[in-house]
Engineer: 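I'd like to ask some things about the structure below.
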Amino acid sequence: MAQGGVQALEAMLFALDAARALAPPAVSLGAHVLDDCDNDTYGLEMALDFIKGSISNIDDAEYACNASAVRKVISGVVGAASSVTSVQVANLLRLFKIPQVSFFSTSPELSNKARFEYFTRTIPSDLHQVRAMVEIVKKLGWRYVSIIYEESNYGIKAFEELETLLARNEICIAVKERLVKDSGEADERAYDNIVARLLSRPRARGVIVFGSDQEVAGVMAAVARAGATGAFSWVGSDGWSARALVSDGNEEAVEGTISVQPQANPVRGFKEYFLNLTVENNPRNPWFVEFWEDQFRCRYPGSARTPYNAQYSRLCSGRERLSAGNIEFEAQLQFVTDAVLAFAHAIRDMHADLCGGEPGLCEAMRPASGPTLLRYLRQVRFTGLSGDEFHFDSNGDGPARYNILHFKQLSPGVYRWLKVGRYLDGELELDIDDIQFKWESARPPESVCSVECELGQAKQYVEGESCCWHCFNCTQYEVRSPSSETACVECALGTLPDPRRMRCAPVPELYLRPDSAAAVAAMTFSSLGIILTVFVVCVWAARGSTPVVRASGRELSLVLLAGILMCYLVTFALVFRPTDVLCALQRFGTGFCFTVVYAALLTKTNRIARIFAASKHSARRPSLISPKSQLLICSALVSVQVVIVVVWQIVSPARAIHHYPTREDNMLVCDSYVDASYTIAFFYPVVLILVCTVYAVLTRKIPEAFNESKHIGFTMYTTCVIWLAFVPLYFGTASHVPLRVTSMAITISLSASVTLVCLFSPKVYIILVRPERNVRASLMPTRWRGGVRGGAAGGAVCAALVGTAPLPRAPDLTPSTDLSTLNEPERSSTDRQVQTEEESELYPRLRRAVEENGVRLDARQLEALRAGLPAFGAGGSAPPSAELAVAVLGADLPL
């Protein structure tokens with residue numbers, strides 16, 4: 001029995017002495033101790049020896065183990081230490097319904113109560129230990145580790161659980177090596193081969209070792225022989241944690257180890273008890289002599305010769321004594337004493353319930369029922385000799401409490417096992433700052449097959465390896481897929497990889513902001529235009545009865561000014577953040593304001609053209625030239641645009657959308673800007689502009705007094721130039737929407753300004769600066785302002801016919817600027833002029849009828865006006881009708 005076994009036995013006897021105080025009255029507690037030699041087969045043979053005394057548990061017949069009258073009926077078993085032996089013994093004890101409490105067996109397999117119904121233990125299951133080891137690996141940041149486990153139930157079951165938990169936490173296993181135990185004893189070559197395989201995966205520097213001290217000591221010796229003491233960092237199980245057998249002589253290889261050990265506090269009083277033991281005062285322990293000889297390297301007088309003491313030639317003097325200097329105490333003896341006390345408390349409770357506290361064993365406990373004792377055993381709760389509270393969990397295991405130990409070099413050549421943390425109820429507490437893996441390197445080594453890919457990179461796994469990969473870069477507009485680390489995904493339009501290239505971040509919206517320089521300039525320009533337009537409207541309202549205002553056609557002028565004002569106001573709808581409502585307003589407003597302006601201009605130019613076209617053929621007044629008719633015509637022209645826009649809005653409602661001309665842009669625009677569908681809104685106004693321009697060309701040669709057509713013509717020419725310059729600018733800035741919107745706003749305001757300046761500034765100038773010209777006479781052609789009695793100039797007959805010569809008129813009569821004569825080169829033909837509406841009302845008695853080939857004259861009227869008629873020039877070539885008029889007017893006719 002090794003030193004650890006002797007200490008465990010003495011701890012059991014020490015606890016048995018303490019448990020006698022718990023025994024029921026007249027009941028003695030004792031132990032029958034057997035040595036399994038750490039061999040499961042031999043342990044099974046030993047179990048069969050004491051099972052013979054418990055046959056009565058099956059057939060109620062007491063069995064005497066010898067010829068004496070003492071009957072040894074086994075009520076329960078404490079042990080075994082090894083999980084392998086415990087499995088064998090538990091299978092046997094289950095048949096005889098004998099409860100078993102182990103103090104060192106930690107195999108998870110033993111928690112299966114379907115197979116091991118009568119097995120319990122004071123030490124926690126390795127399942128908790130494995131979880132603690134995995135938590136340590138995670139804490140150290142290892143993702144690629146090797147595992148060494150012993151060839152036993154203890155090691156194999158732990159490895160199976162380790163493999164499952166590591167895979168669940170995405171930790172890969174580089175090398176899996178098995179330590180020979182049950183199948184034989186390994187030699188140095190076997191351990192050297194294990195180390196060589198570990199060295200074949202140099203990136204797996206973290207190694208989990210689940211084994212017993214003897215086998216692990218062979219591994220550490222092989223590491224030292226290979227010169228690889230600095231190549232690995234170990235995470236160890238309780239089977240070799242803080243064991244001198246492993247660390248002595250292999251300090252450099254073991255240095256930095258982090259191990260898990262079930263938490264156990266020193267048994268109070270045991271140290272003093274054990275140090276006071278001698279061969280003489282401890283006859284109850286038959287193995288104590290063997291321990292004494294091994295401890296002091298001498299042969300005790302009178303002891304039997306064995307293979308273990310044959311090498312000692314010196315006899316023990318009897319003066320040898322155990323001391324703290326020559327004894328290293330096992331750290332887990334608490335579990336031994338707890339196992340003994342658990343039985344003591346269970347027997348006490350069982351006796352109290354079944355025997356009612358009567359002295360001795362009652363019939364209900366002759367013999368003690370195994371199932372009944374097991375039930376009481378699972379329910380015990382007490383404070384052990386270590387001062388810790390103890391109870392069994394639902395699986396019959398001890399509390400899951402672990403200490404985390406670390407083998408550290410405190411100074412050159414000085415090593416100690418130190419506590420650096422604990423694992424309680426599934427929570428790991430580890431003080432990384434106290435851990436020193438090597439004297440020259442305190443930081444934990446890196447144990448990964450491949451380092452994590454950098455930002456913006458994806459993985460390509462090495463075939464057959466789940467933890468080894470190569471990294472490749474995602475493209476400029478890609479990030480690594482959030483659902484797959486092996487793929488890159490392209491960011492959607494409007495998003496770009498963030499600086500860390502972990503996700504696609506939205507690109508900030510780009511639109512023409514009201515506080516931008518371009519928007520401020522456009523709004524400033526429009527504001528000035530609005531002020532000027534309002535000013536002109538005020539002037540027209542204040543001087544509406546003056547000749548200049550009346551001559552320009554007040555109604556159409558006001559319509560024209562309203563359109564100009566709307567052109568300026570559209571700018572404000574263009575520069576704000578686009579919304580569906582604003583987009584609909586922009587779609588309607590941009591085309592509508594132009595339609596109002598150019599519909600009014602077209603109505604004006606069309607009226608002038610029709611008047612002069614009709615005057616070439618007859619003196620009949622053209623139709624639809626009154627103010628009311630002109631407003632109706634203008635409204636009809638505007639209504640066409642309204643219908644177009646309304647139908648367009650119904651078929652394709654205006655929306656604010658995000659436009660992505662490039663991957664870096666995220667423009668918030670109205671949909672009409674993207675597909676150039678704004679041309680629908682501008683198509684009809686452009687047609688009006690072209691028609692107005694044609695009419696302006698046709699009426700360009702009128703006399704200077706009737707020059708509004710010239711102003712309209714200049715307006716249309718300038719407008720055409722502006723919009724011809726705007727078209728390439730608009731379509732050439734498709735990728736820069738703010739510039740496109742700004743250019744449209746400025747172009748609209750500029751077109752309105754041209755119309756305002758060209759058509760209204762001359763009239764405002766006359767009204768405000770030169771009021772003396774704001775009279776009827778100043779609006780007449782120069783050749784009609786005075787008469788020469790010696791004769792009439794060519795074309796004077798037109799003045800005689802319609803009264804444009806200096807005839808008596810009402811003071812407020814003003815010729816419309818729509819009235820005109822033919823140009824100078826055409827003076828050889830008959831000059832004509834047509835009445836305005838005002839003239840028809842002021843002169844109801846001046847009637848004339850235009851016939852097919854002549855003129856019907858009222859002689860009385862002509863006589864009254866004869867004195868004011870100019871004379872015809874000699875040799876005039878007037879048509880017959882004109883000559884007739886001259887003859888009549890020149891005759892001395894009685895009236």
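Bear in mind that the values here come from a model prediction, so they are computed numbers and not experimental data. Values below: all heavy atoms of this structure, side chains included; hydrogens, waters and symmetry mates excluded.
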Engineer: Would I435 and F437 count as a side chain to side chain contact (heavy atoms under 4.5 Å, CB included) if you check the C-alpha gap in whole Å, the side-chain angles of each, and the deciding distance to 0.1 Å?
Structural biologist: CA-CA 6 Å; I435 296 177; F437 285 88; 3.4 Å; yes

Engineer: Distance only, no hydrogens: is a donor on one side chain within 3.5 Å (strictly under) of an acceptor on the other, for N282 and E10?
Structural biologist: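 Side-chain D/A pair, N282 to E10: present.
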
Engineer: Do we see a donor-acceptor contact under 3.5 Å between the side chains of Y154 and D238?
Structural biologist: yes

Engineer: Can you tell me if R189 has over 12 outside heavy atoms packed within less than 6.0 Å of its CZ?
Structural biologist: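 Counting other residues, nucleotides and ligands, CZ of R189 stays at 12 neighbours or fewer.
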
Engineer: Are T337 and M12 side-chain neighbours, meaning at least one heavy-atom pair lies under 4.5 Å?
Structural biologist: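 Of all side-chain heavy-atom pairs linking M12 with T337, none is under 4.5 Å.
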
Engineer: With respect to H345, which candidate in F392, Y376, F382 satisfies the ring-ring contact (aromatic ring centres under 6.0 Å, His included) definition?
Structural biologist: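 It is F382, the one option of F392, Y376, F382 that forms the ring-ring contact (aromatic ring centres under 6.0 Å, His included) with H345.
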
Engineer: Are any of the side-chain heavy atoms of S237 and Q129 separated by less than 4.5 Å?
Structural biologist: yes

Engineer: I'd like to know whether L418 forms a side chain to side chain contact (heavy atoms under 4.5 Å, CB included) with L410, so could you lay out the CA-CA distance, the side-chain angles of the two residues, the decisive distance to 0.1 Å, and finally the verdict.
Structural biologist: CA-CA 10 Å; L418 304 176; L410 302 178; 3.7 Å; yes

Engineer: Look up atom CH2 in W292 and atom CG in N285, then write down how far apart they are to the nearest 0.5 Å.
Structural biologist: 12.0 Å

Engineer: Are any side-chain N or O atoms of H406 and backbone N or O atoms of S259, one a donor and one an acceptor, separated by less than 3.5 Å?
Structural biologist: no

Engineer: Report the distance from atom CD of E255 to atom CG of N250, rounding to the nearest 0.5 Å.
Structural biologist: 12.5 Å

Engineer: Ignoring hydrogens, what is the shortest heavy-atom contact between Q88 and D40? Give both atom names and the distance.
Structural biologist: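 Heavy-atom minimum between the residues: NE2-OD2, 3.6 Å.
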
Engineer: Any donor-acceptor pair under 3.5 Å linking the side chain of D388 with the backbone of G384?
Structural biologist: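 Flag not set: sc D388 to bb G384 has no pair under 3.5 Å.
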
Engineer: Distance alone, cut at 3.5 Å: any donor-acceptor contact between the side chains of S107 and S83?
Structural biologist: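 Judged by distance alone, the side chains do not pair up.
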
Engineer: Using 4.0 Å as the upper bound for N to carboxylate O, is an ion pair formed by R284 and D17?
Structural biologist: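 Salt bridge flag = yes for R284 with D17.
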
Engineer: Assess the side chains of D397 and S111: does a donor N or O sit below 3.5 Å from an acceptor N or O?
Structural biologist: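 Per modelled atom types, D397 and S111 side chains form a pair under 3.5 Å.
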
Engineer: Do F335 and F103 make the cut of ring centroids closer than 6.0 angstrom?
Structural biologist: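 Between F335 and F103, the centre distance exceeds or equals 6.0 Å.
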
Engineer: Looking at N281 and T278, would you say the former's side chain and the latter's main chain have a donor-acceptor pair under 3.5 Å?
Structural biologist: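 At least one qualifying donor-acceptor pair exists.
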
Engineer: Does the N39 side chain pair with the main chain of Y42, one donor and one acceptor, at a distance under 3.5 Å?
Structural biologist: yes

Engineer: Check whether any side-chain N or O of W439 sits under 3.5 Å from a backbone N or O of K408 as a donor-acceptor pair, and report yes or no.
Structural biologist: no

Engineer: What pair of heavy atoms forms the shortest contact from P99 to F343, and how long is it?
Structural biologist: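 So the minimum-distance heavy-atom pair works out to O-CZ, 3.8 Å.
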
Engineer: Please report the interatomic distance CD(E161) to CZ(R131), rounded to the nearest 0.5 Å.
Structural biologist: 6.5 Å

Engineer: Once you round to the nearest 0.5 Å, how far does CG of L198 lie from CZ of R205?
Structural biologist: 13.0 Å

Engineer: Can you tell if the side chain of Y149 reaches within under 4.5 Å of the side chain of R178, non-hydrogen atoms only?
Structural biologist: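 Answer yes - side chains close enough.
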
Engineer: As a quick check of understanding, evaluate side chain to side chain contact (heavy atoms under 4.5 Å, CB included) for Q334 and L385, giving each step before the final call.
Structural biologist: CA-CA 7 Å; Q334 172 188 344; L385 298 179; over 6 Å; no

Engineer: Pick one: which of K419, R422, R243, Q332 meets side chain to side chain contact (heavy atoms under 4.5 Å, CB included) with Q261?
Structural biologist: Q332

Engineer: Is a side-chain N or O of W417 found less than 3.5 angstrom from the main chain of A244, in a donor-acceptor match?
Structural biologist: no

Engineer: Among side-chain atoms of E330 and Q7, is any donor-acceptor pair under 3.5 angstrom?
Structural biologist: no

Engineer: Charged N to carboxylate O under 4.0 angstrom, D126 versus K157?
Structural biologist: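 Not counted as a salt bridge, because no side-chain N and carboxylate O are separated by less than 4.0 Å.
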
Engineer: Out of curiosity, D393 CG to S125 OG, how far, rounded to the nearest 0.5 Å?
Structural biologist: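 Result: 8.5 Å between the selected atoms.
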
Engineer: Check this for me: does any side-chain nitrogen of one of R197 and E177 sit under 4.0 Å from a carboxylate oxygen of the other?
Structural biologist: yes

Engineer: Verify the distance criterion only: is there a donor paired with an acceptor across the side chains of E150 and S152 at less than 3.5 Å?
Structural biologist: yes

Engineer: Check whether the side chains of S386 and N265 place a donor and an acceptor atom closer than 3.5 Å, and report yes or no.
Structural biologist: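 No donor-acceptor contact under 3.5 Å links the two side chains.
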
Engineer: Would you please indicate yes or no on a ring centroid separation below 6.0 angstrom for F291 and W287?
Structural biologist: no

Engineer: Is the backbone of G155 close enough, under 3.5 Å, to the side chain of E160 for a donor and an acceptor to pair up by distance?
Structural biologist: no

Engineer: Quick one: does any side-chain atom of N326 pair with a main-chain N or O of S323 as donor and acceptor, under 3.5 Å?
Structural biologist: yes

Engineer: Do E290 and N309 have a side chain donor and acceptor closer than 3.5 Å?
Structural biologist: no

Engineer: State, with a plain yes or no, whether a side-chain heavy atom of I404 is found less than 4.5 Å away from one of V260.
Structural biologist: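 Yes - at least one pair of side-chain heavy atoms lies under 4.5 Å apart.
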
Engineer: So S146 and K176, do their side chains get closer than 4.5 Å, heavy atoms only?
Structural biologist: no

Engineer: Take atom CZ of R443 as the centre, draw a 6.0 Å sphere, and report whether it contains more than 12 heavy atoms from other residues, nucleotides or ligands.
Structural biologist: no

Engineer: Is there a donor-acceptor contact under 3.5 Å from the side chain of H351 to the main chain of L361?
Structural biologist: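 A pair under 3.5 Å: no.
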
Engineer: Could you tell me whether K438 atom NZ has more than 12 heavy atoms of other residues or ligands within 6.0 Å of it?
Structural biologist: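 Counting neighbours around NZ of K438, more than 12 heavy atoms of other residues, nucleotides or ligands fall under 6.0 Å, so yes.
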
Engineer: With side chain to side chain contact (heavy atoms under 4.5 Å, CB included) as the criterion, how do L341 and L22 come out once you've worked through the C-alpha distance, each side chain's angles and the decisive distance to 0.1 Å?
Structural biologist: CA-CA 9 Å; L341 293 180; L22 301 173; 4.3 Å; yes

Engineer: With side chains defined as the heavy atoms from C-beta onward, is the minimum distance between F390 and T122 less than 4.5 Å?
Structural biologist: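 Yes; the side chains approach each other to less than 4.5 Å.
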
Engineer: Give me the atom names and distance for the closest heavy-atom approach of V101 to A339.
Structural biologist: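 So the minimum-distance heavy-atom pair works out to CG1-CB, 3.6 Å.
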
Engineer: Measure across P108 and R121 and return the closest heavy-atom pair with its distance rounded to 0.1 Å.
Structural biologist: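 Shortest heavy-atom separation between P108 and R121 comes out as CA-NH2, 4.2 Å.
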
Engineer: Is the shortest side-chain heavy-atom distance between M220 and V246 below 4.5 Å?
Structural biologist: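 Yes, their side chains come closer than 4.5 Å.
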
Engineer: Please report the interatomic distance OG1(T85) to CG(L44), rounded to the nearest 0.5 Å.
Structural biologist: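 It comes to 9.5 Å.
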
Engineer: Nearest heavy-atom pair of Y415 and E252: which atoms, and what distance?
Structural biologist: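 Smallest heavy-atom distance, with atoms named: OH-CG, 3.9 Å.
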
Engineer: If you count the non-hydrogen atoms of other residues, nucleotides and ligands that lie under 6.0 Å from CD in E188, is the total more than 12?
Structural biologist: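 No, the 6.0 Å shell around CD holds no more than 12 heavy atoms from other groups.
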
Engineer: Less than 4.0 Å between a side-chain N and a carboxylate O, is that true for E293 and R299?
Structural biologist: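 A salt bridge is absent here (no side-chain N lies under 4.0 Å from a carboxylate O).
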
Engineer: For G249, does its backbone N or O pair with a side-chain atom of E251 as donor and acceptor, under 3.5 Å?
Structural biologist: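 Indeed, once roles are kept as given, a pair shorter than 3.5 Å links the two residues.
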
Engineer: Answer yes or no: is there a side-chain heavy-atom contact under 4.5 Å between V207 and I147?
Structural biologist: no

Engineer: Looking at the rings of F274 and F14, which for Trp means the six-membered one, are their centres under 6.0 Å apart?
Structural biologist: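 No - the distance between ring centres of F274 and F14 does not fall below the 6.0 Å cut-off.
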
Engineer: Is R20 atom CZ crowded by more than 12 heavy atoms from other residues, nucleotides or ligands, each under 6.0 Å away?
Structural biologist: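 Above 12, so yes.
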
Engineer: Can the ring centroids of F159 and F210 be said to lie less than 6.0 angstrom from one another?
Structural biologist: no

Engineer: Can you name the closest pair of heavy atoms from S102 and A80 and give their distance?
Structural biologist: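 Distance-wise, the nearest heavy atoms are OG-O, 2.6 Å.
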
Engineer: Consider only side-chain N and O atoms of S317 and E320, and report whether a donor and an acceptor are under 3.5 Å apart.
Structural biologist: yes

